[in-house]
Amino acid sequence: MKIDILTLFPEMFKGVFEESIIKRAIDDKKIEINLINFRDYSKDPHHKVDDTPYGGGAGMVLTCQPIFDCVNDIRTEDSKIILLTPSGTPYKQQKAYELSKEKHLIIICGHYEGFDERIRTIVDEEISVGDYVLTGGEIASMIIVDSVTRLIPGVITEESHIEDSFNNNLLDYPTYTKPRIYNGLEVPEVLLSGDHKKIEEYRKEESIKKTKEVRPDLLGDD
Ligand code: ADE
């Protein structure tokens with residue numbers, strides 16, 4: 001999969017894409033990530049990418065021209081164009097699965113006070129990573145790239161995400177490792193029993209219990 005990220009701050013991605021699973025996925029050619037500074041597409045003599053809002057108001061608004069020209073330059077028939085904005089559709093694991101099947105993602109990171117409304121006409125989807133406002137779409141795009149990359153076949157073992165939180169609308173069950181007793185805290189007996197059926201039942205029950213406690217909305221119980 002190819003992911004093109006349109007950002008004014010490509011340096012922000014250093015570290016995040018140069019460590020751990022994302023780095024390995026890039027090295028193994030499971031994903032190709034390009035950081036494109038759309039300022040390079042600005043036709044303004046000073047390479048401006050923003051301007052004051054018509055009608056007045058605070059802050060600067062991203063202009064159409066650099067983003068339109070950049071997207072037109074890189075899009076193909078296979079491209080899915082995503083705009084990151086707090087007013088987009090809330091991002092969920094199901095969407096991560098859908099995006100992991102795409103061939104080419106173009107992710108536009110907004111910044112400053114917002115973007116010209118007409119930018120919406122060239123995108124396929126608008127996504128929000130949560131009900132809070134970030135300083136820009138950069139961190140949001142890292143969230144999307146991270147959650148999508150781990151679902152690309154061969155990036156992590158399939159079992160690792162079959163039992164992910166949110167699959168079947170349930171949160172993950174609790175896991176334990178050695179030692180059996182730590183600071184007086186014991187591993188539940190059933191996990192030491194070797195009885196796989198009982199362990200499976202216990203995990204399912206714990207998943208449901210946890211989901212009821214902290215995310216009843218996932219069960220439609222809220
Ligand atoms: N840009 C600023 N806040 C955002 C959010 N919550 N999701 C996506 N993009 C954003």
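Fair warning: this is a prediction, and the values are worked out from it, not measured in the lab.
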Under a 4.5 Å side-chain heavy-atom rule over Ile, Leu, Val, Met, Phe, Trp and Tyr, are Val16 and Ile144 clustered together? yes
Quick one, Leu62 and Asp51 - any side-chain contact, counting heavy atoms below 4.5 Å? no
NZ/NE/NH1/NH2 to OD/OE distance under 4.0 Å, Arg203 and Glu206: no
Report yes or no: does Asp195 contribute a side-chain atom to a donor-acceptor pair with the main-chain N or O of Lys197 at less than 3.5 Å? yes
Does any N or O in the side chain of Asn37 come within less than 3.5 Å of the main-chain N or O of Arg39, such that one atom is a donor and the other an acceptor? yes
Do other residues, nucleotides or ligands put more than 12 heavy atoms under 6.0 Å from Arg120 CZ? yes
With Arg24 via salt bridge (Lys or Arg N to Asp or Glu O under 4.0 Å) - residues at least two apart: none
Side chain proximity check, Glu125 to Lys80, heavy atoms < 4.5 angstrom: yes
Going by an N to O cut-off under 4.0 Å, is there a salt bridge joining Asp164 and Arg150? yes
Linking I/L/V/M/F/W/Y whenever any side-chain heavy atoms sit under 4.5 Å apart, do Val133 and Met60 land together? no
So, do Ser207 and Tyr202 sit near enough that their side-chain heavy atoms are less than 4.5 Å apart? no
Looking only at side-chain N and O atoms, does Thr7 offer a donor or acceptor that is under 3.5 Å from a partner on Glu138? yes
Taking only Lys NZ, Arg NE, NH1 and NH2, and the carboxylate oxygens of Asp or Glu, determine whether Lys30 and Asp28 approach each other closer than 4.0 Å. no
Linking I/L/V/M/F/W/Y whenever their side-chain heavy atoms sit closer than 4.5 Å, directly or via other members, would Ile74 and Leu83 fall into one cluster? yes
Assess the side chains of His47 and Ser42: does a donor N or O sit below 3.5 Å from an acceptor N or O? no
Check whether more than 12 heavy atoms from other residues, nucleotides or ligands sit under 6.0 Å from atom OH of Tyr54, and answer yes or no. no
Same apolar cluster (I L V M F W Y, side chains within < 4.5 Å links), Ile152/Ile26: yes
Is any side-chain heavy atom of Leu105 closer than 4.5 Å to a side-chain heavy atom of Asp4? no
Main chain of Tyr41, side chain of Gln65: is a donor-acceptor contact present, judged purely on distance under 3.5 Å? yes
How long is the span from the NZ atom in Lys92 to the OG atom in Ser147, to the nearest 0.5 Å? 13.5 Å
Tell me whether the count of non-hydrogen atoms from other residues, nucleotides or ligands lying under 6.0 Å of CD in Glu98 goes above 12. yes
Could you tell me whether the side chain of Asp124 and the main chain of Ile81 form a donor-acceptor pair under 3.5 Å? yes
Note, Val214 side chain near Leu171 side chain (heavy atom, < 4.5 Å): yes
Identify whether the distance between the nearest side-chain nitrogen and carboxylate oxygen of Lys210 and Glu213 falls below 4.0 Å. no
Using the rule that two of Ile, Leu, Val, Met, Phe, Trp, Tyr join whenever any of their side-chain heavy atoms come within less than 4.5 Å, decide whether Ile3 and Ile122 are in one cluster. yes
Mind checking the OH-NZ spacing from Tyr173 to Lys209? Nearest 0.5 Å is all I need. 15.5 Å
Among Leu84, Leu99, Ile82, which one satisfies side-chain contact (heavy atoms from CB on, under 4.5 Å) with Tyr91? Leu99
Tell me which pairs pass ring-ring contact (aromatic ring centres under 6.0 Å, His included) where either residue lies in residues 4-35, with sequence neighbours left out. Phe9-His111, Phe13-Phe17
State whether Asp217 and Arg215 are salt-bridged, where the test is any N-O pair (Lys NZ or Arg NE/NH1/NH2 against Asp/Glu carboxylate O) under 4.0 Å. yes
Got Glu205 and Glu200 here, is their nearest side-chain heavy-atom distance under 4.5 Å? no
Within a reach of under 6.0 Å around CG of Asp27, are more than 12 heavy atoms found that belong to other residues, nucleotides or ligands? yes
Residue pair Leu192 / Val187, side-chain heavy-atom distance below 4.5 Å: yes
Student check: side-chain heavy atoms of Glu32 and Asn34 closer than 4.5 Å: yes
Step through the shown structure and confirm whether more than 12 heavy atoms of other residues, nucleotides or ligands are within 6.0 Å of CD1 on Ile139. no
